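Residue numbers begin at 1 in each chain, while the letters A, B, ... track the order of the sequences. All values reported here derive from a predicted model rather than from experimental measurement.
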Amino acid sequence: MSQVRVRFAPSPTGFFHIGSARTALFNWLYARHTGGVFILRIEDTDKERNSEAFLNLIYESLNWLGLNWDEGPKVGPSGGGDFGPYRQSERGAIYQDYIGKLLASGRAYEKDGAIWFKLLGERYKIFDEHRKKEVEKVKIAPVVIEDQIRGRVERLEDEDFVIVRSDGNPVFHLVNVIDDIAMEVTHIIRGEDHLSNTSKHVLLYEGFGVKPPAFAHIPLILKSPEMGQGKMSKRDKGALIEEYQKRYFLPEALVNYLALLGWNAGDDREKMPIAEIVKLFDLPGVNQSNAKFDGKKLANMNMTYLLEQPADRFVALARAHFAAEKNSAVASAPEDYFREVMLLSQPKIKSIDELGVYSGYFFSDNFPIDAKVREKVLAKGDPKARLAELIAWIEGANLPTDAIIEEGIKTLAAKGGLGFGDYQAVARLALSGTNVGPSITGMIRVLGRDRVQTRLKNFLAGLA
RNA sequence: GUCCCCAUCGUCUAGCCCGGUUAGGACACCACCCUUUCACGGUGAGAACCGGGGUUCGAAUCCCCGUGGGGACGCCA
C-alpha cells in the first residue's frame, strides 16, 4: 500500500484555538500511526483577513504542542518537501493550470466575470423562496461520500457554483481540492463542519478525473454548559492555545486531553504517553458525536503531569513563568533558594501560573495577610504565647531537615502539654499570611532562621 | 426554511458492529479516612441508556418515527 499523506490546512485569519489544535493533532496522530507524511499547508488566500502574526502563531502553537510537520513551510526543524510551495498565496500558477483544464474540458464556464463549475444534468429554473429569486437547478444523482468515521453519507448538489471569483481569485473549494490532488493527499481529516462542503469537493475531484481521497470528518468541540450553546469559538474562555502556553501548561497534558476529545484507547486508560496514543490511534476509533470542552478535566490532566515532572524541568518551567511575569523579587532570589521553594510547591499546584500566588511570600516580606484566616487563627488558644515560644525556640534550634524541625516543635509543644497543631496554624499565618501552603516544616527550613524569626517577631509585634 | 451529522451519569466516555452487564471508568460534586494547613492519595455515595413504536423469549445494543443537540447552506476559509 502507498504511504499515507495527510494535511493540516489552517488559514492565518485568527487565533489558533482548541478545535484547530485537535484537528492538527488527529492528522498528526494518523500520520505517525501509519508511518505516513504530515503536511502543513497554509490557506492564506483571503488577503483581507490574513496576517503574518497569525501565521507565526500557527507555527509557534504547533511547535509548542510537538506536532512537527514533515512537509510545509520551513520553520525550524519542520518543513520542506517536494510538493511546495506550501502557502496557497504562492500557488497561483498551479491553480491557473488546473482551471485551464476544467475550462478546456467544458466542466467550467465564465459568467458575470466569475468562473463556475458546471454540473452535468438536466437543467430547470425554479423560484427559490429562501433567497427570493429565480435560480437555475441541475438534476444530478446524489453525491456519495464514503467517510471513514461516519460511513456512507449522501448529499444532493443541484446548482453550479463559483470556483473563481470575478476578481480572479479562486475560492476555497477549488484550491483546497487542487492542492490535495497536487500534494497527493490520501486522507482528509477535518472538522465535521466541512462535511457539507464535501459533496462539492467530490464533484470537483470527478471534474478533474481524479478519484477522491478518503474522508474522515471528526466531531466538533462544543462549548461547555457554563459557556453556553454551540461550537467552541475563539472568543470562549480557554479556547486559545496561546493561553495555555502563556500559563505554562504542559503541552503533553494538553495534547493528551485533546486526544481524549472524540477518541479513546478502547479501555479505561486516559493518561497516556504520546507514543502510546500514536500506537493506538486509528480513524475508525474516532467518535461520531461532538464533545463539550471541560476546562476542569484539562486542569486535572495538567496537574497529574505536573506532579511527575523531574525537578529540573519543573524548576525551569517555573523560572520561565516568573521571568515572563517580570517578577523582580523572584528574579533576584538565589537560584538554590528559588529551586527549594519551587520543589516545595510542586506537589501542591494545578498549573504553573498558580506559583505566583502560591509562593509569593517566599520572595518578599511584604506579603498580604488573609483577614478571615487571621481572625480565625487568632481566635483559637493563645497565639501570642505560642509565637513567643517559637521565637525563643528558633534562636537556638537546628533547622537542617524537616524531620528535625518537626521534632523540635514537638518537643517544644510537649513542655506545655500541647501538640504540633497548636503551633502550626499561627506560625503559618505569621510566615505566609494564609492557611494554605506547603508543610510548615518545609516552609521554615526553606525560609531559614533569619526570615522566620523576623517574620514571627514582626507579626507578634503587630498583635500588641 | 432546506440539507447533512449526532444522541449512555452535569462533562469526557466504555459497552453498540456480533442483542442476555448489578450499564464500567475518568473529571466535577458530596461524605469519610490519611494528615501539620491546603492539596495529593485512599474508601464510599449520589448521578445516565432522550421519547414512542416495532423486531425478538429478551433491546442501551437492530429498524422506523418523533424530539433534542450540532453543523452547513457566500464571488469566507
Item to complete: Tell me which nucleotide among B:C75, B:A77, B:C38 gets nearest to the side chain of A:Asp112.
Response: B:C75

Distances under 3.5 Å only, N/O to N/O: pair up the protein atoms with those of nucleotides 45-51 of chain B.
none

Fill in: A:Arg165 side chain near B:A77 phosphate (N/O to OP1/OP2, under 4.0 Å)
yes

Discussion item. For A:Glu226 and A:Glu43, find the nucleotide of RNA chain B closest to each by heavy atoms; which residue's nucleotide sits nearer the 5' end?
Written reply: A:Glu226

Fill in: Side-chain donor-acceptor contact under 3.5 Å, A:Glu157 with A:Ser199
yes

Worksheet item: With a 4.0 Å cut-off on heavy atoms, is A:Asn176 in touch with a base, just the backbone sugar-phosphate, or nothing at all?
Response: nothing

Worksheet item: Less than 4.0 Å between a side-chain N and a carboxylate O, is that true for A:Asp422 and A:Arg386?
Response: no

Discussion item. I'd like the C1' distance from B:G19 over to B:C49, given in whole Å.
Written reply: 14 Å

Worksheet, complete the sentence: Taking a pair to mean Watson-Crick or G-U wobble geometry with both distances below 3.5 Å, B:C73 pairs with B:G1

Discussion item. Does A:Glu406 reach a base, just sugar-phosphate, or nothing at all? Heavy atoms under 4.0 Å.
Written reply: base

Practice prompt. Give a yes or no on whether the backbone of A:Asp44 and the side-chain of A:Asn50 come within a donor-acceptor separation of less than 3.5 Å.
Written response: yes

Item to complete: Using heavy atoms to find the nearest nucleotide of RNA chain B for A:Tyr257 and A:Leu220 separately, return the residue whose nucleotide is more 5′.
Response: A:Tyr257

Discussion item. Under 4.0 Å, counting only non-hydrogen atoms across every strand here, what does A:Gly230 touch: a base, just sugar-phosphate, or nothing?
Written reply: sugar-phosphate

Item to complete: To the nearest Å, give me how far apart CG (A:Leu55) and P (B:A77) are.
Response: 16 Å

Worksheet item: At under 4.0 Å, does any side-chain N or O of A:Ser11 touch on OP1 or OP2 of B:C76?
Response: no

Worksheet entry | Given A:Asn256, A:Leu260, A:Leu254, the one that forms side chain to side chain contact (heavy atoms under 4.5 Å, CB included) with A:Leu258 | A:Leu254

Practice prompt. Could you tell me whether the phosphate oxygens of B:C5, OP1 or OP2, come under 4.0 Å of any side-chain nitrogen or oxygen in A:Gln288?
Written response: no

Worksheet item: When you measure from the side chain of A:Glu192, which nucleotide among B:G71, B:A77, B:C12 comes out closest?
Response: B:G71

Worksheet entry | Contact letters for nucleotides 21-29 of chain B, in which S counts primed atoms plus P, OP1 and OP2 and B counts the base, heavy atoms under 4.0 Å | ---BBBBS-

Worksheet entry | Short side-chain to backbone donor-acceptor contact, A:Asp267 and A:Arg269, under 3.5 Å | yes

Discussion item. Any side-chain to backbone donor/acceptor pair from A:Trp393 onto A:Leu412? Under 3.5 Å, distance only.
Written reply: no

Fill in: Polar pair under 3.5 Å, donor/acceptor by atom type, side chain A:Ser196, base B:C73
no

Item to complete: Among B:A72, B:U36, B:C4, find the nucleotide with the atom closest to the side chain of A:Lys231.
Response: B:A72

Discussion item. Checking one value: the base orientation of B:C38, syn if chi is within 90 degrees of 0, otherwise anti.
Written reply: anti

Discussion item. Under a 3.5 Å cut-off for both contacts, is B:C29 paired Watson-Crick or G-U wobble with anything, and if yes, with which nucleotide?
Written reply: none

Worksheet item: Just checking A:Leu156: base, sugar-phosphate only, or nothing, at a heavy-atom cut-off of under 4.0 Å?
Response: nothing

For nucleotides 60-68 of chain B, print each protein N/O atom paired with a nucleotide N/O atom at under 3.5 Å, atom names and distance only.
none

Worksheet item: Taking the side chain of A:Gln229 as its heavy atoms from C-beta onward, which of B:C76, B:G69, B:C40 lies nearest to it?
Response: B:G69

Worksheet item: Can you tell me if NZ on A:Lys111 sees more than 12 non-hydrogen neighbours from other groups inside 6.0 Å?
Response: yes

Worksheet entry | Parallel, tilted or perpendicular, as decided by the 30° and 60° cut-offs, for the rings of A:His194 and A:Phe172 | tilted

Worksheet item: Looking at A:Arg41 and A:Gln88, what are the two nearest heavy atoms and their distance?
Response: NE-NE2, 3.8 Å

Item to complete: Let me know the distance between CG of A:Asp193 and C1' of B:C76, rounded to the nearest Å.
Response: 13 Å

Worksheet item: Can you check the A:Leu344 CG to B:C40 P distance for me, whole Å?
Response: 17 Å

Item to complete: In whole angstrom, give the distance that lies between atom NZ of A:Lys271 and atom C1' of B:C40.
Response: 14 Å

Fill in: Pairing partner (Watson-Crick or G-U wobble, both distances under 3.5 angstrom) of B:A7
B:U67

Worksheet item: Looking for any heavy atom pair under 4.0 Å, which part of the strands does A:Gly262 touch: base, sugar-phosphate only, or nothing?
Response: sugar-phosphate

Worksheet item: Roughly how far, to the nearest 0.5 Å, is CG of A:Leu102 from CG of A:Asp97?
Response: 11.5 Å

Discussion item. Using modelled atom types and a 3.5 Å cut-off, is there a donor and acceptor pairing between side-chain atoms of A:Gln346 and backbone atoms of A:Gln309?
Written reply: yes

Worksheet item: Between A:Glu192 and A:Asn290, do the side chains contain an N or O donor and an N or O acceptor separated by less than 3.5 Å?
Response: no

Worksheet item: Between A:Asn287 and B:C6, is there a side-chain N or O to OP1/OP2 distance below 4.0 Å?
Response: no

Worksheet, complete the sentence: Checking A:Tyr244, A:Tyr305, A:Tyr257 against A:Phe249 for ring pair (Phe, Tyr, Trp, His ring centres under 6.0 Å), the one that qualifies is A:Tyr244

Worksheet item: Side-chain N or O of A:Asn264 less than 4.0 angstrom from OP1 or OP2 on B:U13?
Response: no

Item to complete: Could you tell me whether A:Thr13 contacts a base, only the sugar-phosphate backbone, or nothing, with contacts defined as non-hydrogen atoms closer than 4.0 Å?
Response: nothing

Practice prompt. Answer yes if the side chains of A:Arg190 and A:Thr198 hold a donor-acceptor pair under 3.5 Å, and no otherwise.
Written response: yes

Discussion item. For a quick check of understanding: with a heavy-atom distance under 4.0 Å over all strands, which category does A:His217 fall into, base, sugar-phosphate or nothing?
Written reply: nothing

Worksheet item: Does B:U56 have a Watson-Crick or wobble partner in any strand here, with both distances under 3.5 angstrom, and which is it?
Response: none

Practice prompt. For A:Pro219, report the nucleic acid contact type (base, sugar-phosphate, nothing); a contact means any heavy atom under 4.0 Å.
Written response: nothing

Worksheet item: Where the side chain of A:Met303 is defined as all heavy atoms beyond and including C-beta, which of B:C12, B:C3, B:C40 is the nearest nucleotide?
Response: B:C40

Worksheet item: Just checking A:Ala114: base, sugar-phosphate only, or nothing, at a heavy-atom cut-off of under 4.0 Å?
Response: base

